[in-house]
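Small disclaimer: the values here were computed from a predicted structure and weren't measured.
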Amino acid sequence: MKSFIALLALLALFTLISAAQAEVPPPIRTISGNVVVSPRDPAAHIEVPAAAKYVGAVRFALFGAADCEIHLFVEGDPSKRVQRVYWLQFEAYLPEQPDLRYALSPAYSPLEMSGLPFYQRARFGLSSEVPRVGSDTQRAYSLLAENGYTLPPETTSVTYKHFFADMRKELLLIVIEDMSLSGITFTQLVQNGKVQATWPPIAEQIMARASTAFSVRLTSQSKK
């Protein structure tokens with residue numbers, strides 16, 4: 001009798017898991033070589049460097065508030081240690097959250113990329129920092145790990161944000177890079193808990209390099 005009850009419980013668990021998985025819609029963007037083909041928000045072809053390998057995609061409800069779809073490409077060494085990650089994220093608040101709007105942080109500066117207005121920010125950090133549970137970062141890092149990739153101990157990153165007119169949708173393009181490729185270390189940039197004056201010029205160099213990583217070509221649907 002106990003084994004029968006256990007079997008029923010197991011079947012119930014599988015049913016719940018299947019139902020939860022069914023509620024998660026598949027990604028709507030497709031891949032053609034090193035190009036992400038997006039039918040909307042925006043309707044565009046977004047190209048990354050040819051040397052990058054496509055890792056995969058994940059789509060989920062970000063903290064129950066936004067529809068989030070992530071695509072990752074990686075350049076890595078033979079041991080699958082990451083040298084660069086090209087991260088594309090399409091995000092929009094869910095209809096159930098009609099009052100939410102994206103806001104621009106003053107830490108971001110404006111630029112034009114592929115003829116579109118974006119805002120950029122460079123950062124650096126330690127890969128040992130644990131991302132927030134359920135966050136986009138946790139999902140992206142899990143996708144890398146599931147495909148056998150490991151992050152270097154120290155990284156730099158540049159995030160580009162493009163907002164839509166209603167401020168309820170955004171496109172994020174992110175480059176994560178092994179910090180050693182810039183010839184610097186975390187301890188050189190942070191001393192006594194303070195970011196050193198050497199960081200701003202390095203950040204400018206990193207942003208200039210990263211700005212060439214993505215090529216965004218709007219399709220006719222976006223141009224209407």
Side-chain angles (χ1 to χ4, degrees), residues 9-32 35-46 48 52 54-74 82 85-105 107-108 116 118-121 123 125 127 129-149 151 155 157-176 214 216 218-219 221-222:
L10 186 60
L11 288 173
L13 178 60
F14 283 149
T15 301
L16 288 173
I17 292 173
S18 298
Q21 290 176 337
E23 293 174 359
V24 178
I28 67 169
R29 283 85 189 177
T30 57
I31 305 302
S32 178
V35 176
V36 174
V37 180
S38 175
R40 60 177 172 84
D41 304 328
H45 291 181
I46 305 176
V48 303
Y54 185 62
V55 174
V58 61
R59 187 180 179 191
F60 59 100
L62 181 59
F63 299 127
D67 181 353
C68 183
E69 180 174 328
I70 295 173
H71 293 263
L72 297 182
F73 293 80
V74 174
V82 167
V85 175
Y86 304 98
W87 172 344
L88 297 84
Q89 182 166 320
F90 304 84
E91 194 175 314
Y93 281 120
L94 296 169
E96 295 81 3
Q97 304 288 347
D99 298 324
L100 295 181
R101 299 288 187 278
Y102 291 103
L104 178 65
S105 165
Y108 285 77
L116 291 175
F118 277 85
Y119 295 87
Q120 64 181 344
R121 182 185 186 184
R123 306 180 75 177
S127 298
E129 295 177 358
V130 179
R132 180 181 175 185
V133 175
S135 66
D136 47 359
T137 301
Q138 184 194 43
R139 294 281 189 150
Y141 285 7
S142 294
L143 188 57
L144 289 173
E146 288 165 8
N147 285 273
Y149 288 97
L151 289 167
T155 62
S157 66
V158 181
T159 299
Y160 299 98
K161 291 188 175 188
H162 171 72
F163 297 99
F164 291 76
D166 61 1
M167 297 300 286
R168 284 184 53 79
K169 301 174 184 177
E170 67 175 355
L171 167 66
L172 294 91
L173 305 177
I174 304 168
V175 179
I176 300 174
F214 301 99
V216 183
L218 297 180
T219 64
Q221 292 177 349
S222 287

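Looking at residues two or more places apart in sequence or on another chain, you find a side-chain contact (heavy atoms from CB on, under 4.5 Å) between Val35 and Val37, His45, Glu47. For Tyr119, there are no side chain to side chain donor-acceptor pair (under 3.5 Å) partners two or more places apart in sequence or in a different chain. For the side chain to side chain donor-acceptor pair (under 3.5 Å) test, residues two or more places apart in sequence or in another chain that qualify with Arg59 are Asp67. Applying the side chain to side chain donor-acceptor pair (under 3.5 Å) rule to Lys169 yields the partners Asp41; only residues at least two apart in sequence or on another chain are considered. Residues satisfying the side-chain contact (heavy atoms from CB on, under 4.5 Å) criterion with Thr137, sequence neighbours excluded, are Trp87, Pro131, Ser135, Tyr141. Under the side chain to side chain donor-acceptor pair (under 3.5 Å) criterion, Glu91 pairs with Gln89, Tyr102, sequence neighbours left out. Residues passing the side-chain contact (heavy atoms from CB on, under 4.5 Å) test with Val158 are Ala122, Tyr160, Ile206, Met207, Ala210, sequence neighbours excluded. Applying the salt bridge (Lys or Arg N to Asp or Glu O under 4.0 Å) test to Arg139 and every residue at least two apart in sequence or in another chain returns nothing. Looking at residues two or more places apart in sequence or on another chain, you find a side-chain contact (heavy atoms from CB on, under 4.5 Å) between Ser105 and Ala107, Tyr108. With sequence neighbours excluded, no residue satisfies ring pair (Phe, Tyr, Trp, His ring centres under 6.0 Å) with Tyr149.
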Next item on the list: Take Ile174 and Val85 through the test side chain to side chain contact (heavy atoms under 4.5 Å, CB included) and record every step on the way to the result.
Entry: CA-CA 8 Å; Ile174 304 168; Val85 175; over 6 Å; no
Note to self: Between Tyr86 and Ile46, does the side chain to side chain contact (heavy atoms under 4.5 Å, CB included) criterion hold? Intermediate values first, please.
What the structure shows: CA-CA 11 Å; Tyr86 304 98; Ile46 305 176; over 6 Å; no
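Within the 3.5 Å criterion, the main-chain N or O of Ile176 finds no donor-acceptor partner in the side chain of Thr155. The closest donor-acceptor contact from the side chain of Arg168 to the backbone of Leu100 lies under 3.5 Å.
Across every non-hydrogen atom of Phe163 and Glu170, the tightest pair is CE2-OE1, 3.3 Å. Summarising the geometry of Ala43 relative to Pro39, their closest heavy-atom pair is CB-O, 3.4 Å, with the distance given to 0.1 Å. Nearest heavy atoms, Leu151 versus Ser127: CB-OG, 3.6 Å. Here the closest heavy-atom approach between residue Leu171 and residue Phe90 is recorded as CD1-CE2, 3.6 Å. Across every non-hydrogen atom of Leu218 and Pro42, the tightest pair is CD2-CB, 4.1 Å. Scanning both residues, Leu94 and Gly64, for their nearest heavy atoms gives CD1-O, 3.6 Å.
Side-chain atoms of Arg29 and Ser38 include a donor-acceptor pair closer than 3.5 Å.
Taking CZ of Arg40 as the start and CD1 of Ile28 as the end, the distance is 3.5 Å to the nearest 0.5 Å. Between Gln138 atom CD and Phe60 atom CZ the span is 9.0 Å, to the nearest 0.5 Å.
Here salt bridge (Lys or Arg N to Asp or Glu O under 4.0 Å) pairs that include residues 94-103, with residues two or more places apart or in two chains, number zero.
Between Leu88 and Val48, some side-chain heavy-atom pair lies under the 4.5 Å cut-off. By the 4.5 Å heavy-atom criterion applied to side chains, Thr159 and Arg123 are not counted as neighbours.
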